[in-house]
Structure formats: C-alpha cells, structure tokens
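Notes follow the structure.
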Number of protein chains: 4
Amino acid sequence: MINRVVLVGRLTKDPELRYTPSGVAMARFILAVNRTFTNQQGEKEADFINCLVWRKQAENAANYLRKGSLAGVEGRIQTGSYEGQDGKRVYTTDVVADSVQYLEPRNGQASPNNSTTGQTLEHQRRSSEYQQPQTQPNYTRVDEDPFVNSSGPVEVLDDDLPF
Amino acid sequence: MINRVVLVGRLTKDPELRYTPSGVAMARFILAVNRTFTNQQGEKEADFINCLVWRKQAENAANYLRKGSLAGVEGRIQTGSYEGQDGKRVYTTDVVADSVQYLEPRNGQASPNNSTTGQTLEHQRRSSEYQQPQTQPNYTRVDEDPFVNSSGPVEVLDDDLPF
Amino acid sequence: MINRVVLVGRLTKDPELRYTPSGVAMARFILAVNRTFTNQQGEKEADFINCLVWRKQAENAANYLRKGSLAGVEGRIQTGSYEGQDGKRVYTTDVVADSVQYLEPRNGQASPNNSTTGQTLEHQRRSSEYQQPQTQPNYTRVDEDPFVNSSGPVEVLDDDLPF
Amino acid sequence: MINRVVLVGRLTKDPELRYTPSGVAMARFILAVNRTFTNQQGEKEADFINCLVWRKQAENAANYLRKGSLAGVEGRIQTGSYEGQDGKRVYTTDVVADSVQYLEPRNGQASPNNSTTGQTLEHQRRSSEYQQPQTQPNYTRVDEDPFVNSSGPVEVLDDDLPF
DNA sequence: TTTT
DNA sequence: TTTT
C-alpha cells in the first residue's frame, strides 16, 4: 500500500491555525496548482487542493506562509466524512503534509506574522471544530528557520562539489 | 507547479466504464489504501480514493481489474465541482491516472471480463452522465497486455544483469 | 527542496543485511523496475536501482524479501562518493527508503528466512564496510509483521467505517 | 512497476545542451537538493542528482535555466552503464525528466540566453558523446513560454471559476 | 471558499 | 458507496 503526494503551488489564502483540545497545532490551507494544459476553450485552469499540517510544521506554516506564497507539500491523501447540516454525509479529501517547503525567499519583514498581525489569534477565535488549548503547548516558540533552504542562491562553492 | 500522486491499493468494487458523447472511454474506481498506522482506538484504517482513467487505459482497467485487485496508480489530483440536487455546490477531488499498474498475476480465466460477464455493457446502460458513443471508438480492441510486467517473476537471467 | 521517490519492482537478489559498528541495521537490495516502453530494438528493458533501508525496516527486509519479491519503496535519492581501489573517485546514487511495502502474499514457509538459511549471517561475514556489532542491538527480535497489509483480511468491521 | 521521482532543487551549473545524430535535443544538468537534516557534524548536506531532459523541454531548460536556478523535476530513475577509459564498467543513475518546472520568476533580461551568450554552441562544441545535427531540427524556435505559470498573473477571471 |  |  502506497499513498504519496507531492505538490507545488500557491496558497489561495493565509493558512488557518487551530489547536485540538489537547493542544496540538494544526494548520489548513488550499494550494492552487496550475495545470500544465488548457481546457477545450484554451484556458489555463487550476486544481485547488486542501492541505493540512500538524504540530510545529503547522505553526511554521501559519507564521511564514501567506496568501500567494509558493509552497511545496509532501504527504498523503486522507479521506474522511462528516455529517452535513442537512444530515447528509459529506465526503472529504485532504492532503496531509509530512513536510512543507517554503519556495520563496523570506520577504522583508523581520518578524513572523503572528507577532504583528494578531491574525493567528483571530483564526483561533473563529475556530469551531477545535477548542483552544488550556495550556500553552511547549512548542509555541518557533526555533527552527524553515527558510534555511529557500532564502538565497544556495551558495554552492565550487570546492564543495564532488565533481 | 507540481501535482504528482502515486498510489498502491485495492479496488473497492469493479471499475465503471463509460464513454463521453464523442466516444472517449473513461473508467472510474475507488482505491482503498490501508494506512500504515492505527487510530487512537488502535484500529487500522484506510483511505478511499476516487481514481479515473481515460482512453485505452480505461478499457484495460475495465477489462482486467476487479473488486479487490491490487493496483498501482500514477497521476495527479484534480478538483472540480458540480451543482448538487439540492442546488448546493459539491466539490470533488479525484486522482486522474496517467498510468495504471496491475500488481497481481492475471488470474486463471483466459478472456477479459467483458466478453464473459456483459458487465461493462451493464455499466454503460446505467450511465447517466455520459451518453453512449454513436459509433464504435476505434480503440475498442484491447491490443496490449497490461499484465506484461506483472504476471510472473520477472525472469531476470543472471546474464542480463549489469553487475 | 523536495526529493521524493516511489518505486515498485522486483528484487534482483536477496537483500544484504549489515550492521554499523554502533549496531544499527542496514539492508541493501537492488530493485529491477521494468520500463513501460521498449527500446529501438523493440525490447523491454529495466532500471536496476540500488535501495537501502535502516533499522527495523532493514531487518524486516532481510527477513521477508527474497530474490524476485515484488516490493514498493518510498524514499529519497541520496548521492555520495568514495575512493575507488584505483584511487579514483566513484560516485554513487541510492534510494534510501523511508518505508518498504511487501506487495506479495507471504509464502508458505512458517518462519522468517534467517532462522532457517543462516544466510544473513553469511552476508554479515562477507561484510567489509561495516563491522559486526559488539553487542546485540535491542531490536533484533522482529516484533512487527510487515505483511499486515498484504496478506490476510485487515478485518474492517462494518461498524468501523465512517460512512 | 512504478518508477516516479519528484525533485525541487537548484542547478549546480548551467545546463548542457546537445543533439543526437538524428537531431534530437537533450539537456543535462545537476540538481543540488539540500537535505532536511544534518550529518553527525551538524552540517547541512545536499544530494547532487543528474537530470536529463529531451526535445523541446531540453531547449527550454538550456534557454531559461542557469546555475543557481530553482527548478522542479518530475520523472523517473534511469540506470545504465558504459565502458570506462580503463576498460572497467561504469554504472550511471540519472533522473529522466518528463517535465521541468521553473520556480523562479524570469529575471530581467528580455531574451533567452543562447541569443546573447553563445554558450549553447560552446556546449555543443565540447560535446563528445553526440554529434551535432546535420540539419536544424524543426523545433529550434522556442514557441512556448515555460514561465507561464511562474511569473505573471495567469489571469483567472471570476467567470472562469467553477465555484 | 480560490493563487501567481 | 468501501479493498485484502
């Protein structure tokens, strides 16, 4: 059994960050992936793919990705269902990311978004599915820099190359 | 922009074969892909992923895959939507296969399924979304053997190996 | 930065199991993946891809895979180099597996291979690159059954299904 | 049988463009893909993966990619071998790209590289493995813009969206 | 509910 | 609507 997905596309909106009742972070976003071919009217179309990430990667995504950001996602397809408001079953398909790649150089602003916009809190306030954690999860601080691989030309010195 | 999916799983039912009004074959099936981890109750779960294939691969799938068949799919995620019967928009996510792999040895029966069961026709009869083609599409005959790579131990002679 | 590989093919030989000096298991095998197209002489060819796995997955591979086994590999490409015996640099490309899938039903024999053939030990004896571990690594016992998804019914009770 | 690779990384050098005796374009480049983890000395390392593309995509790559360019590659692993100069067999592993993605906005310069630098010709002159084509292949002109998805607005009118 |  |  194999279930593997790789996507590169652009976020249609800012990510939404939530916490499970036990305090685990989860972020959702939609990736617009332009198709390489045109439809019968000769127009380019896109696929709009629901993605979700967990834990520290969720907080990184909420901090560093914005509407329009170019991002890569490796993960798997996850299907599920829930009871719709009309009592009918609604089926869902998401890509659960094992890792998220930031494919654009970090933009000018020095600090991650939540410290300036308060938007993450706003997101949590709108949250219905999940409660907010009673206690601060211990990985709230963003220690890693997810841009470490994306910010510059990789600075490959000729001496480093094994050829 | 990258959109790539690889799946290996088992069909939950026989594939459904249809034809577009212009006579292009399309097959649909659902792949059950067991997860490698258990849920909080310690149970194994699966993802049920809608797959679709076009043209000759569609006819091959209809001929050679059955409920329970182990199959591999390479393709891309395609999203769309349609008007539900209650007027609400319903969003869809499918994997469109570029290629389908038959990962089980061909079973005993000598001939492909449609010649014996008539089931493919039955499927077409139930078809609502697509009309039947007015004329026979010219690739009705299944010329290729999609099992060419799956039926036996690959018969790798030691002399063939480059090491 | 993304580096993702999915392979399904057959082992050209039994896997080779080794241990690092610190006692970490590693298995190597070559996967023959038949091409879907023919060369200019109309012959089918294959790619022979070096794979390696670590830790418990290495021991599972050594126990349950044999020459000719159909297996799936998810992982990443890893390149490296070493000094050849003639002093020249030799470049290597391997697929390091994050997970290995057993795509054939377990065969008749009741016990895993190493308990009957002693071959794994023979492999270790031929090992040059790595020493044998001084102490038994604590995961020598194979507790998990990697065939859990490939052989028998996963026992999905109707009540478990979310639809 | 499945053989699928997805890479995102940066070119270690400009691509090399060659032509087969029958006039088919082929480009080679090496993609440096930084690892997401560090080695035991705490250093980031990278994998250096040989990639090759054919036909119009080869010419696009030669025209639009440069040392340091961020690119995505979808393809398959291809292994082969040739007789080394010391008579010993040398084994090769390449990723043959089905498609190449340009993940950086086109830079300022108006025209593709070969029209200004003459470098492509220089590459051909150094070519040993392949001769130059006797006649101009008929796809020399670059008609498509491979940046169509990476630079400017794809111009999705609201009316086009299916939701 | 759609990005560049 | 779910496979082995």
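Every chain is numbered from 1 and lettered A, B, ... according to where its sequence line falls, protein lines coming before strand lines. On a predicted model such as this, the values are computed, not experimentally measured, just so you know.
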Separation of F:dT4 atom P from B:Asp47 atom CG, nearest Å, is 17 Å
Across all chains, not counting sequence neighbours, the side chain to side chain donor-acceptor pair (under 3.5 Å) partners of C:Glu74 are A:Arg4
Separation of F:dT4 atom P from B:Leu65 atom CG, nearest Å, is 14 Å
Categorize A:Leu11 for me: base, sugar-phosphate, or nothing, with a 4.0 angstrom heavy-atom threshold over every strand shown. sugar-phosphate
B:Ile30 atom CD1 is separated from F:dT2 atom P, nearest whole Å, by 9 Å
A:Leu31 CG to E:dT4 P, in whole Å, measures 12 Å
Between CD1 of B:Ile77 and C1' of E:dT2 the distance, given in whole Å, is 16 Å
Side-chain contact check for A:Tyr91: nearest option of F:dT3, F:dT1, E:dT3 is F:dT1
Problem set entry | Under 3.5 Å donor-acceptor, A:Glu16 side chain and A:Phe29 backbone | no
Item to check | Pair B:Arg66 + B:Asp14, salt bridge at N-O below 4.0 Å | outcome: yes
Here the distance between atom P of E:dT4 and atom CD1 of B:Ile2, to the nearest Å, is 19 Å
Out of E:dT4, E:dT2, F:dT2, minimum distance to the side chain of A:Phe48 belongs to E:dT2
Ignoring backbone atoms, establish whether B:Lys13 has a side-chain N or O less than 4.0 Å from OP1 or OP2 of F:dT2.
no
B:Glu43 CD to F:dT3 P, in whole Å, measures 16 Å
Side chain to side chain donor-acceptor pair (under 3.5 Å) filter on A:Asn50, not counting sequence neighbours, yields none
A:Lys44 atom NZ is separated from E:dT4 atom P, nearest whole Å, by 17 Å
Q.
Over all strands shown, is A:Gly9 touching base, sugar-phosphate only, or nothing at heavy-atom distances under 4.0 angstrom?
A. nothing
